[in-house]
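The structure under discussion appears below in the form of C-alpha cells.
Quantities reported herein were computed from a predicted structural model and do not represent experimental measurements. Values reported hereafter were calculated over all heavy atoms of this structure, with side chains retained and with hydrogens, waters and symmetry mates removed.
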Amino acid sequence: MLIHPDILFPLNPETRSIARRLYKSVAQLPIISPHGHVNPAWFALNKPFSDPTELFVTPDHYVLRMLVSQGLSLETLYTKDPKLSICQETKRIIWRHFCEGYHLFRATPSRFWLDYAFGNLFNLDERPSKKNADKLFDMICDQLNQPNFRPRALFEHFNIEVLATTEDPLDELNHHKAICDSGWSGRVITTYRPDNIIDPEYEGFIENIQKLGQITGCDITTWEGYLEAHRARRSFFRSFGATATDHGHSSARTENLPTEEASNLFAKVIRGEITTLEADIFRGQMLTEMAAMSVDDGMVMQLHP
C-alpha cells in the first residue's frame, strides 16, 4: 500500500531528476490550502471521525460518482437529508460497496490519495476488497478513536499553515467563530461562495434572496440594495479571515449592462419571470459585479466555469 516517492514525477530520467530536486526544496514547507470543501465543524468541535464511510465515501463526490457510474444507486450510498442519520450497519454496507468497487479507481487521482491515506496514515498493508471490507472497517474505526486522529491533531500533523473552507453567503459562520474563540492556533478561514444568491436557476433562489435581505437589513427589492447586501456579507466573511471568493458558473459569460438595464433585469429576476437566456445574462452581470467588488475589497476571485 505504500506509495512510491516518484509516483507523480516524469518518467524521463532527466526531468525526473529535476522534479526530485524541486520537490526536495519545498517538501518540508507548511501547506497552504486556498480552496477546500472541508467542514469547519471538524475543527470547531474536534470530535473523532465516526467511521471510514463518513470519512472516505459519503462526503467525496468523486468516489460517489464513480460508484454510481458503475450501476449503484445514489440512494444506496448517500442521504442528503441532514435530519436522517445513517445507522452503523448501513454505513458498513456502504463501505462494502466501496471496497468491492475499489479496483474501479485505478489510474485516477482518487486512487492515489486513497492509497496514500490507507498506507501512510492507517498503515494498512492490503488494498480494500470485498473480502477484507469488514476487517478494514474495524481497523480504521479503532484508529479514528485515537487522539492523534482528531481533526486538529491531523491539521498539525500535516503542517498546515492555513486552510480555506467554502461557505455560502447565508451561513452565519458559527463554526468559524467557535474556532476563533477556542484559542486553538490552527488557522482556518472561510471563503465567500455566492452561487445560491447569484444564479436565478439555483433551487430556492427567491427564498435565499429574501433571507439575504433579512440578515443584512438591506432592501433586496432594489438592484442597489441587492448589491449592498453582497458587500455587507463579503465584509462579514472578511471578518473571519476570508481572502477569496469562489464562483461556480455554467459558463464563463460576463456582461457589463448599463445600471438601468441591470436594475430592470434584477426586477424580473426576483419576480421569477426570466428566460433561460436572461438567467445566463444575469449570471454574467454578477461576475462583473463580483469582479468590481474584488477590486474594492481585495478578495481574490476563484472561477469554476
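Looking at heavy atoms from C-beta onward, Phe237 lies in side-chain contact with Leu173 at the 4.5 angstrom threshold. Side-chain contact between Glu228 and His230: absent, with no pair of heavy atoms (C-beta onward) separated by less than 4.5 Å. Contact annotation: the side chain of Asp168 never approaches that of Asp195 to less than 4.5 Å [non-hydrogen atoms, C-beta and beyond]. Side-chain contact between Ile94 and Thr76: absent, with no pair of heavy atoms (C-beta onward) separated by less than 4.5 Å. A heavy-atom distance below 4.5 Å is not found between the side chains of Leu303 and His249. Counting only heavy atoms from C-beta outward, the side chains of Pro40 and Thr190 never approach each other to under 4.5 Å. Side-chain contact between Val162 and Ile189 is present, with heavy atoms from C-beta onward closer than 4.5 Å. Arg234 has its side chain within reach of Ser294: a pair of non-hydrogen atoms, C-beta onward, lies under 4.5 Å apart.
Using the six-membered ring where Trp is involved, Phe112 and Tyr116 have ring planes that are tilted, between 30° and 60° apart. Taking the six-membered ring where tryptophan is involved, the planes of Phe240 and Phe236 are perpendicular, since the angle between them exceeds 60° and thus also 30°. Between Phe282 and Phe205, the ring planes are perpendicular. Angles over 60° get that label, and only those under 30° would be called parallel.
Between the Gln143 side chain and the Phe122 main chain, a donor and an acceptor come within less than 3.5 Å of each other. A distance-only check finds no donor-acceptor pair linking the side chain of Asp51 to the backbone of Gln88 [under 3.5 Å]. Under a 3.5 Å cut-off, the side chain of Gln285 and the backbone N or O of Leu257 do form a donor-acceptor pair. A donor-acceptor distance shorter than 3.5 angstrom exists from the side chain of Asn12 to the backbone of Thr15, with no hydrogens or angles considered. Put simply, the side chain of Thr191 never gets that close to the backbone of Asp246: no donor and acceptor are under 3.5 Å apart. One N or O on the side chain of Trp95 and one on the backbone of Ala133 form a donor-acceptor pair closer than 3.5 Å.
Within the model, atoms CD1 of Ile209 and CZ of Phe266 stand 5.5 Å from one another, a figure rounded to the nearest 0.5 Å. Once rounded to the nearest 0.5 Å, the distance linking CE of Met286 with CE of Met293 reads 5.5 Å. Atom OG of Ser235 and atom CG of Asp296 lie 12.0 Å apart (nearest 0.5 Å). Ile206 contributes atom CD1, which lies 7.0 Å from atom CD1 of Ile270 (distance to the nearest 0.5 angstrom). Taking CD of Glu273 as the start and CG of Leu265 as the end, the distance is 12.0 Å to the nearest 0.5 Å. Interatomic distance, Met139 CE to Asp134 CG, rounded to the nearest 0.5 Å: 13.0 Å.
Annotation for Pro147 and Ala153: closest pair O-CB, 3.6 Å, computed over non-hydrogen atoms. When all heavy atoms of Thr216 and Ala229 are compared, the pair lying nearest together is OG1-CB, 3.7 Å. Residue Val68 comes nearest to Ser73 through the heavy atom pair CG2-C, 4.4 Å, listed as atom of the first residue, atom of the second, then distance. The two residues Met299 and Asp297 have their closest heavy-atom pair at N-OD1, 2.9 Å. Across all their heavy atoms, Arg283 and Ser250 have their closest contact at NH2-OG, 3.4 Å. The heavy-atom pair separating Cys141 from Pro52 by the smallest distance is SG-CD, 3.5 Å.
Between Trp42 and Phe155, a ring centre-to-centre spacing not shorter than 6.0 Å is recorded. Here Phe56 and Phe118 bring their ring centres to under 6.0 angstrom of each other. Taking the six-membered ring for Trp and the full ring otherwise, the centers of Tyr62 and Phe105 sit at least 6.0 Å from each other. Ring to ring, His61 and His37 are not that close: their centroids are 6.0 angstrom or more apart.
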Audit row: Arg233, Ile197, side-chain contact (heavy atoms from CB on, under 4.5 Å) steps and yes/no: CA-CA 11 Å; Arg233 293 311 284 171; Ile197 57 170; 5.8 Å; no

Step-by-step salt bridge (Lys or Arg N to Asp or Glu O under 4.0 Å) determination, Asp138 to Arg92: CA-CA 10 Å; Asp138 293 333; Arg92 193 177 284 273; 2.8 Å; yes

Check against side-chain contact (heavy atoms from CB on, under 4.5 Å), Leu124 and Ile140: CA-CA 9 Å; Leu124 303 185; Ile140 294 174; 4.2 Å; yes

Val38 vs Phe43, side-chain contact (heavy atoms from CB on, under 4.5 Å): CA-CA, chis, key distance, verdict: CA-CA 10 Å; Val38 174; Phe43 306 107; 3.5 Å; yes

Full working for side-chain contact (heavy atoms from CB on, under 4.5 Å) between Leu287 and Met301: CA-CA 9 Å; Leu287 270 184; Met301 291 183 76; 4.0 Å; yes

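Taking 4.0 Å as the cut-off between side-chain N and carboxylate O, Lys91 and Glu54 count as a salt-bridged pair. A salt bridge links Lys268 with Glu278; the closest basic N to acidic carboxylate O contact falls under 4.0 Å. Salt bridge status for Glu14 with Arg16: absent, with no side-chain N to carboxylate O gap under 4.0 Å. Ion pairing between Glu126 and Lys135 holds under the 4.0 Å rule for side-chain N and carboxylate O.
Both tests do not hold together for Arg96 against Phe98: distance to the six-membered ring centre under 6.0 Å, angle to the ring axis within 45°.
Counting heavy atoms of neighbouring residues, nucleotides and ligands inside a 6.0 Å radius, atom CD1 of Ile7 exceeds 12 of them. Residue-environment remark: CD (Glu172) exceeds the threshold of 12 foreign heavy atoms within 6.0 Å. More than 12 non-hydrogen atoms from other residues, nucleotides or ligands lie less than 6.0 angstrom from CZ of Phe158.
Looking at Gln214 and Gln210, their side chains never bring a donor and an acceptor atom within 3.5 Å of each other. No side-chain donor from either of His157 and Asn148 sits under 3.5 Å from a side-chain acceptor of the other. Between the side chains of Ser69 and Arg65, not a single donor N or O lies within less than 3.5 Å of an accepting N or O. Side chain to side chain, His176 and Glu167 meet the donor-acceptor criterion of an N or O pair below 3.5 Å. The closest side-chain donor-acceptor pair between Tyr102 and Asp115 falls under 3.5 angstrom. Counted by atom type alone, Thr245 and His247 present one or more donor-acceptor pairs between their side chains at under 3.5 Å. Side-chain contact check for Glu156 and Trp184: at least one donor-acceptor pair (N or O, by modelled atom type) lies under 3.5 Å.
A side chain to side chain contact (heavy atoms under 4.5 Å, CB included) with Met66 holds for exactly one of Asp60, Leu104, Leu72; it is Leu104.
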